[in-house]
Amino acid sequence: MTTPHTYITTTIPYVNARPHLGFALEIVQADVLARFHRRQGDQVRFQTGTDDNSLKNVLAAEAAGVAVQEFVDGNAEAFIALREPLALAVDDVIRTSRDPRHRAGVERLWRACADDLYRRHYEGLYCVGCEQFYTPAELTGGRCPEHGTEPQWVAEENWFFRLSRYADRLHELISSGRLRIEPVERRNEVLGFIAGGLQDFSVSRSTARARGWGIPVPGDPGQVIYVWWDALGNYITALDYGTGGENHRRWWTGSDRRIHLVGKGVLRFHAVYWPAMLLSAGQPLPTDIVVHDYLTANGRKISKSSGVTVDPAVLAGEYGTDVVRWWLLREVPRVGDTDFIVDRLIARGNDELANGLGNLVNRVVAMIHRYRDGHVPAAGSGTGTETKAGTGAATGIGTGTEAEPGTEVKTGAGIGTGAPGSEGLQAACRQAPGLIHAALTDFEFRRATAAVWAIVDEANRYINHIRPWELAKAERDGDFDATARLDAVLVVLIRACRALGDHLTPFLPDTAIRIAQQCAARDGKLPGPRPLFRRITAPEPGSTPPP
RNA sequence: GGGGCGGUAGCUCAGCUGGUUAGAGCAGGGGACUCAUAAUCCCUGGGUCGCGGGUUCGAGUCCCGCCCGCCCUACCA
C-alpha cells in the first residue's frame, strides 16, 4: 500500500469584493486538516481558488467603474494574499478566469456529461445579483428581496442537466456514508432534499445575459456555462482534468480522500449537483463534504453588499495571525452561526494564548534558566543534562497520532516517581494525540483544540501544586534529594511544552515553531525566555502584534 | 408555504442510545502563591434547560403545537 493521498479543498469565493472573516473560517479549517494529514505522513494537496466567472463580479466591476478582468484580478489578489496573514500552507490556487487549466477542464467536463445535457425553453424574473430566477410572490414590492433591485424578465433557451435521474444513486451514496457529509445534521438535510425529488437544473445562460463573461458552451457560442457548473468544476480542473494530466489521476481518481470544505449556503451544490455531475462524467465522487455555518459580526450578518464585513488580514495584522486562527478554531461551534466580536477574540488571545500558553512556556523556560542555568536536566536522574536538544521524539509525538496504548508517550519511567503529582499532566500529554486525531476525524476543531489545552491547564496546575521554587530553596539549603526532584519536575515540564509545540503545529503553526525554539537547547542550553504572545491591551487599532 | 438547524447559568458553549443534586470556560466574588507576561492555582455557579401540552415510574434528552433566529427551498388561485 502506498502513502495515503488526501486532497483538501475550500470553495472558491466570488471575488466581487475583498475577503471577509467567513472565508477565513473555511480556509483555516482546511489548512488545519491539511497540516494535520501531512504530519500523519499523508501526501496532501490543499487547494483553494477564486470564482471569477460569476456575473456578480461583472456587476460589481461596473459599479466600481473598472474593467471586469482588472477588477476581478484585484480582488482575487486579496484572497490569495490571505496566505501570509493566516499562515496558510496552500499548495495550489486556481482562478477560474485566468487559469488555462480551468477552461479546458470545464469544457471536458461538459462533454463528458453530454448524455445528460439538453436544451429547454425557460423564462422568468431574474435577478442578476442573485443569479437566480424569482417568482413574483417572492419579490418585495416587485424588487429582489436580497438586493432591492428590479429583476428582469428573461426568456431564452438554455441547457439543462438531467439531475432528476441521479436521485436514487445520490441518496444511496449519501445514506450509506460512501459520500460522507458532516455534520450529520447537514447530511440529513441533503437526504431530505433528495427524497423530495430532484429537478433538472439550468446549466447555461445566454451570452448576452452573462455580458459575455464566462466560459462558452462548447459548440454553442450563444450560451455561457452557468457559473455553478463552472465553479464546481474547479475541484478537478485544477488537477489538469482538461488535459488528462497526472495530477488528476493522482489527486482525484486515485486519491484516498477527497475532502471539500463548504459553507452551509452552498451545501446543495456540493452535495447534490456536483456529485451528480461527477456521476454523469464517470468520475469518482468526493469522499467527505464538511459543512460549516456562518459568522456574523456584532450580531449582524456579514455581507459584502451591506458593508458589514471583517477583514481577516487586517485582524491578523492587528492582533496576530495565530490569535485569529485560535479564535476561529477554538470558539466557533460546528453547528450554529457564531457572532464575531473583537473583544472575544482579544479575550481568547489574552486569557489563553498569552496568560495560559505563553506564560506557561515562559515560566518553564525561565525556571530552567534560574535553577539550572538553562540546561535541561537529563531524564530520570538527578545529575547531568540532556545530551541532545529535545525534539518531538522526546515527547513521543513524532511517531504517530494513534490513540492506541502501543503508541503511548514515553515520558521516561523514572519520571513517575521523581515527579509525584504529575500524573494529570502526563495523562493529558499521553491522551492528546489520540484525542486530537479522533476530533479531527470528525472535523471537530473545538474538541481538538480542547485536547491540546488540557496540557496547558494541567501544566500550570502542576507547577502551582509542586512548587518548584520551594524545591529550589531546599536544594540551596543542602537537600540533595530536592535536586533530583527538581530535575524531574523540570523535565516533565519542558517535555509538556515541547509536546504543546508539537500538537499545536496544525492549529498555530507560527506559535508551534516559536515554542519549539524556546524549548530546544543549543550548545546544551535553552535560549533565554521570550514571551510568545504580547497581551493585547488596547482593543483599538494602533497596536502591533509580537514578531 | 415546505424542509433543516439552533434557542441550556450575565456571556460563549458541552450535555451519547431518556434516569441519582443540569456541566465547562469567561466575567463577577473570596482566598493562596511568587517560577512566570500584575501571570498562575484553589474555592465560589442554585439557571422556568424558548413557550404550552403529551408519552413515561422518570425528559434538557422522545412526540405534538406554538414563538424567535438562521440556512435552503416552493407555480397553487
Side-chain angles (χ1 to χ4, degrees), chain A residues 123-125 132-138 181 183-199 201 262-273 291-296 299-302 327 330-341 343-372 421 424 442 444 446-447 449-450 453-454 456-473 486 489-490 493-494 497 518 528-537 546:
Chain A
E123 61 184 77
L125 288 166
Q132 72 170 46
F133 286 90
Y134 279 104
T135 64
E138 289 176 298
I181 299 172
V184 66
E185 291 87 346
R186 284 344 343 167
R187 186 194 68 157
N188 294 339
E189 185 177 330
V190 173
L191 287 175
F193 174 74
I194 294 172
L198 297 180
Q199 307 289 314
F201 69 102
V262 310
K264 66 177 176 182
V266 294
L267 209 209
R268 167 101 42 80
F269 295 103
H270 287 80
V272 179
Y273 290 18
V291 189
H292 65 262
D293 283 4
Y294 288 161
L295 258 32
T296 55
R300 298 177 63 195
K301 180 177 176 176
I302 293 181
W327 183 82
R330 184 85 169 124
E331 191 146 302
V332 177
R334 71 185 324 208
V335 177
D337 292 352
T338 303
D339 193 32
F340 172 77
I341 300 173
D343 285 351
R344 296 194 61 82
L345 175 105
I346 293 171
R348 283 288 182 188
N350 281 343
D351 296 345
E352 297 194 326
L353 296 182
N355 296 347
L357 174 66
N359 183 56
L360 170 67
V361 172
N362 196 243
R363 69 198 298 206
V364 169
V365 172
M367 279 192 282
I368 290 175
H369 271 275
R370 176 180 285 246
Y371 303 138
R372 291 293 180 267
D442 292 337
E444 294 238 33
R446 299 178 102 204
R447 224 171 74 203
T449 53
W453 214 250
V456 175
D457 278 341
E458 290 293 345
N460 274 320
R461 187 172 302 140
Y462 175 58
I463 294 173
N464 280 55
H465 173 256
I466 206 73
R467 306 164 78 80
W469 50 93
E470 290 189 354
L471 290 174
K473 186 168 184 300
L486 182 54
V489 168
L490 294 176
L493 288 172
I494 194 70
C497 290
Q518 286 273 300
R530 270 186 59 198
L532 252 32
F533 300 94
R534 174 187 301 177
R535 301 187 80 243
I536 302 163
T537 49

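Every chain is numbered from 1 and lettered A, B, ... according to where its sequence line falls, protein lines coming before strand lines. Being a predicted model, the structure only gives us computed values, none of them experimental.
Mapping Asp457(A) and Leu357(A) onto RNA chain B via the closest heavy atom, the residue that lands nearer the 5' end is Leu357(A).
If you take CG of Leu532(A) and P of U37(B), they are 13 Å apart, rounded to a whole angstrom. Leu345(A) has its CG atom 16 Å from the C1' atom of C11(B), to the nearest Å. Distance Arg446(A) CZ to G25(B) C1': 10 Å, rounded to the nearest Å. Rounded to a whole Å, the CG atom of Asn350(A) is 20 Å from the P atom of U12(B). The separation between Leu191(A) atom CG and G4(B) atom P is 12 Å, rounded to whole Å. Look at CD on Glu185(A): it is 7 Å from C1' on C5(B), rounded to the nearest Å. Atom P of nucleotide G23(B) and atom CZ of Arg447(A) are separated by 22 Å, given to the nearest angstrom. Atoms CG (Asp339(A)) and C1' (G10(B)) sit 16 Å apart, rounded to a whole Å.
Here the separation of G69(B) from U17(B), taken at their P atoms, is 28 Å to the nearest Å. For the P atom pair drawn from U44(B) and U37(B), the interatomic distance equals 30 Å after rounding to whole Å. Taking atom C1' on both nucleotides, A9(B) is separated from U48(B) by 13 Å, rounded to a whole Å. Here the separation of U8(B) from G46(B), taken at their C1' atoms, is 15 Å to the nearest Å. Rounded to whole Å, the separation between the C1' atoms of G18(B) and U55(B) comes to 12 Å. One P atom belongs to G19(B), the other to C63(B), and the distance between them is 15 Å to the nearest Å. One P atom belongs to G60(B), the other to U20(B), and the distance between them is 10 Å to the nearest Å. Nucleotides U21(B) and C66(B) place their C1' atoms 32 Å apart, quoted to the nearest Å.
Looking at Phe340(A) and Val332(A), their side chains never come closer than 4.5 Å, going by heavy atoms from C-beta outward. The shortest side-chain heavy-atom distance between His369(A) and Val365(A) falls under the 4.5 Å cut-off.
When atom types are taken as modelled, the side chain of Asn350(A) and the backbone of Ile536(A) share a donor-acceptor pair closer than 3.5 angstrom. Between the His292(A) side chain and the Arg334(A) main chain, no donor and acceptor come within less than 3.5 Å of each other. Tyr294(A) contributes a side-chain N or O that, together with a main-chain N or O of Gly265(A), makes up a donor-acceptor pair within less than 3.5 Å.
For the pair Asp337(A) and Lys301(A), the salt-bridge criterion is not met [side-chain N within less than 4.0 Å of a carboxylate O]. Using a 4.0 Å cut-off between charged side-chain N and carboxylate O, Asp442(A) and Arg447(A) make a salt bridge.
Between Phe201(A) and Tyr273(A), the ring planes lie parallel to each other; the angle is under 30°, not in the 30° to 60° tilted range.
The two residues Asn355(A) and Asp351(A) make their nearest non-hydrogen contact at CB-O, 3.5 Å. Taking both residues in full, the closest heavy atoms of Val335(A) and Pro183(A) are given as CG2-CG, 3.7 Å, listed atom of the first, atom of the second, then distance. Smallest separation of non-hydrogen atoms from Val272(A) and Phe193(A): CG2-CD2, 4.0 Å. Between Pro529(A) and Gln518(A) the shortest heavy-atom distance is CA-OE1, 3.7 Å. Between Phe533(A) and Leu353(A), the shortest heavy-atom distance links the atoms CD1-O, 3.2 Å.
Heavy atoms of Arg348(A) sit nowhere under 4.0 angstrom from any nucleic acid atom.
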Could I get a table of every N or O pair under 3.5 Å where one atom is in the protein and the other is in nucleotides 70-72 of chain B?
{"from": "C70(B)", "atom 1": "O2'", "to": "Lys264(A)", "atom 2": "NZ", "distance (Å)": "3.0"}
{"from": "C70(B)", "atom 1": "O2'", "to": "Asp337(A)", "atom 2": "OD2", "distance (Å)": "3.0"}
{"from": "C71(B)", "atom 1": "OP1", "to": "Lys301(A)", "atom 2": "NZ", "distance (Å)": "3.0"}
{"from": "C72(B)", "atom 1": "O2'", "to": "Arg268(A)", "atom 2": "NH2", "distance (Å)": "2.0"}

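Comparing G6(B), C42(B), U12(B) against the side chain of Arg461(A) picks out C42(B) as the nearest.
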Generate the contact string for nucleotides 27-36 of chain B. Rules: B means base contact, S means sugar-phosphate contact only, - means no protein heavy atom under 4.0 Å. ------SSBB
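For RNA chain B, runs of at least 3 consecutive pairs of the Watson-Crick or G-U wobble type, with both hydrogen-bonding distances under 3.5 angstrom, map to B:1-7 with B:67-73, B:10-13 with B:23-26, B:28-32 with B:40-44, B:50-54 with B:62-66.
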